[in-house]
Amino acid sequence: MRLVLTENLEKDMKLAKPIYDNGKILLNRDVKNLYKYKERLLQLGIYNLYVEDKFSYDIEINPTIRDSTQRRGKKVIKDTFDNISDRFFDLDVKELKGIIDNISSELILNEEVLLNLVTLKKTSDYTYEHCLNVSVICITIGKILGYSQNDIFKLGMGGMLHDTGKALVPEEILNKPSSLTEFEYTIMKNHSELGYQFLQTLNSISPLSRIMVLSHHERVDGSGYPRGISGDDIHPFAKIAAIADVFDALSSDRVYRDKMPTHKVLEYIMNNTETLFDYQIVKKILPKISFYPNGSEVILSTGERGIIKEQNTGFPTRPIVRIIADADGNEDIRELDLLKHMNIVITDVLS
Ligand SMILES: [Fe+2]
C-alpha cells in the first residue's frame, strides 16, 4: 500500500482502503480504474489516497487507530459540538469516554514501533477530525512520556475537547475562507476561554482536561493567549496539547494552504522549542515519530524516486526506501537502506 496524491492517480492503481463520505462508503477497497474518479474525489476535498500498485503490494502501513474508531470518534465530536452550540448544558460525555478508551487501547506503543501519525482528512470536516487527531496525538505523547493510564485518559479528553469553544464562535468567522480581520481574529481567539467556561459546568470533566482547553494556545515564551503565561506557569498537559494542536493543524490541508509533509512539521516544531514549545517534551517524542511515514513517495539526493518501505527503529530520518525510478525517470525497482548509505538524503516528499 502507498499514499498518492489524488491528482497523480494512474491507471494501474487500485484502492487500498475504502473512502467514506458522511459515514457511508463512497468507494470500496479494491476498486479498479480509480483514476476515473479523480475529479469527483478532488471536488469532495479528498486530496490523498491509499492505493496498491506493482510498486507497493508488500508495503505495510499500520493505521494509528482503527477506521471504525475514527469514524465513530468524528461523529461523537460532531454531536458534542452541536450540543454546545445549542447551549445544551447537560452534555453526555459517556460516548466521548468510550472513544478515548478505544483510542488508548488501540494505540499499541512499544520500543520497536515508530508512530505513523498521518491521517487522511477532508477539508470540510476539518474541525471534528482535528479534535480527534489532537486527542490521538495527546494520548501518544502521554504514552511516550510514561504517564499513568488515568493521566493518559485526561490528556485524551482534553485533546478531544480542546477546540469545543469554536462551537460558540460565529460560523462565518470559523469557516471564513480568507484571512481574518483583526477584530474577527480577536473573536476567534476567544474560543479557548469560551470552551473552558462552558466545560466548567461539567463535573465529569477533569480540571486537567479543562486546563488543556484553556491553555492550548499558550506558548513557552509567553507569546500565546489567552493569558500570555510562560514557562513553568503553563501546565505540562497544556504544553502537550499545544504540540499536538500545531502538529495536526500543519499536517492538514486547509482552504488557504496545502498541508506540510510530516518531516517539515517536525522541523518546524524542533526549530521552535524554547520559544513556542517545550523542549523537554519535544526531545522525548521526536525519536518515536516517523519523519517519513511508510508509503510516502520521496525524491532522493541521487535524483532517484522511491517509496518509504520500512522504518529503522531509533533513526526516524533514515528509513528503507523502495526505489522505483532512476534519476532519468526510468523504472528501476530495488531496495535502498538509508541507514547504510548515510551520504544519500531525502530531498523531497511527493505525497
Ligand atoms: Fe484552538
Side-chain angles (χ1 to χ4, degrees), residues 73-74 77-78 80-85 91 96 100 117 119 121 123-139 141 154-177 179-200 202 205 207-230 234-257 259-260 265 268-269 272 276-278 281:
K74 222 168 87 176
I77 295 168
K78 186 181 182 310
T80 307
F81 267 71
D82 288 346
N83 284 333
I84 294 177
S85 59
L91 207 64
L96 273 174
I100 293 161
L117 288 175
T119 51
K121 298 179 207 79
T123 41
S124 54
D125 291 341
Y126 174 74
T127 307
Y128 315 126
E129 294 188 10
H130 173 65
C131 289
L132 184 67
N133 289 334
V134 169
S135 178
V136 170
I137 300 169
C138 285
I139 290 173
I141 296 177
K154 290 170 190 166
L155 275 173
M157 183 62 89
M160 202 72 102
L161 297 173
H162 80 287
D163 262 350
T164 40
K166 286 189 177 170
L168 303 168
V169 170
E171 186 118 6
E172 57 275 20
I173 295 179
L174 193 64
N175 295 324
K176 193 178 171 188
S179 49
L180 300 179
T181 64
E182 206 170 312
F183 175 67
E184 288 166 336
Y185 188 50
T186 311
I187 294 175
M188 180 64 131
K189 277 177 24 180
N190 229 345
H191 76 274
S192 36
E193 194 93 54
L194 286 172
Y196 178 70
Q197 277 164 17
F198 182 86
L199 296 171
Q200 289 285 57
L202 292 173
I205 307 287
L208 290 180
S209 304
R210 287 201 291 248
I211 207 77
M212 293 167 73
V213 179
L214 178 67
S215 301
H216 66 277
H217 287 287
E218 300 289 2
R219 297 293 179 253
V220 292
D221 62 356
S223 62
Y225 62 87
R227 293 180 290 166
I229 51 175
S230 62
I234 308 171
H235 193 280
F237 277 37
K239 289 175 173 172
I240 292 172
I243 296 167
D245 181 26
V246 170
F247 185 99
D248 185 67
L250 294 180
S251 307
S252 310
D253 279 312
R254 302 305 309 274
V255 181
Y256 45 86
R257 64 160 166 74
K259 68 175 185 174
M260 268 191 206
V265 175
Y268 171 80
I269 292 175
N272 288 290
L276 307 182
F277 311 109
D278 186 276
I281 298 175

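Nothing fancy with the numbering, it's 1 onward along the sequence. Note: hydrogens, waters and symmetry copies are ignored here, and every other heavy atom, side chains too, is used. As the structure lists them, so they are numbered: ligands from 1, and atoms in each ligand from 1.
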Looking only at heavy atoms, which two atoms of Ser135 and Ile100 are closest? And how far apart?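 Heavy atoms only, the tightest pair is OG-CG1, 4.4 Å.
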ask   = Taking all non-hydrogen atoms of both residues, which atom of Leu161 and which atom of Ile205 are closest, and how far apart?
value =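 The answer is CD1-CD1, 3.6 Å.
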Any donor-acceptor N or O pair under 3.5 Å, side chains His162, His217 =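 Side-chain D/A pair, His162 to His217: absent.
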message = Nearest 0.5 angstrom please: Cys131 SG to Tyr126 OH, how far?
response =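 If we round to the nearest 0.5 Å, Cys131:SG and Tyr126:OH are 8.5 Å apart.
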How many angstroms lie between atom CZ of Phe198 and atom CD1 of Ile84, to the nearest 0.5 angstrom?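 That separation rounds to 4.5 Å.
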### Task
Anything protein N/O/S under 2.8 Å from the Fe ion (ligand 1)? Just list residue and atom, please.
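Atoms qualifying: Asp163 OD1, His191 NE2, His216 NE2, His217 NE2.
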Show me, pair by pair, the donor-acceptor contacts under 3.5 angstrom made by side chains of residues 165-174, not counting sequence neighbours?
{"residue": "Lys166", "atom": "NZ", "partner": "Asp163", "partner atom": "OD2", "Å": "3.2"}
{"residue": "Glu171", "atom": "OE2", "partner": "Asn175", "partner atom": "ND2", "Å": "3.2"}

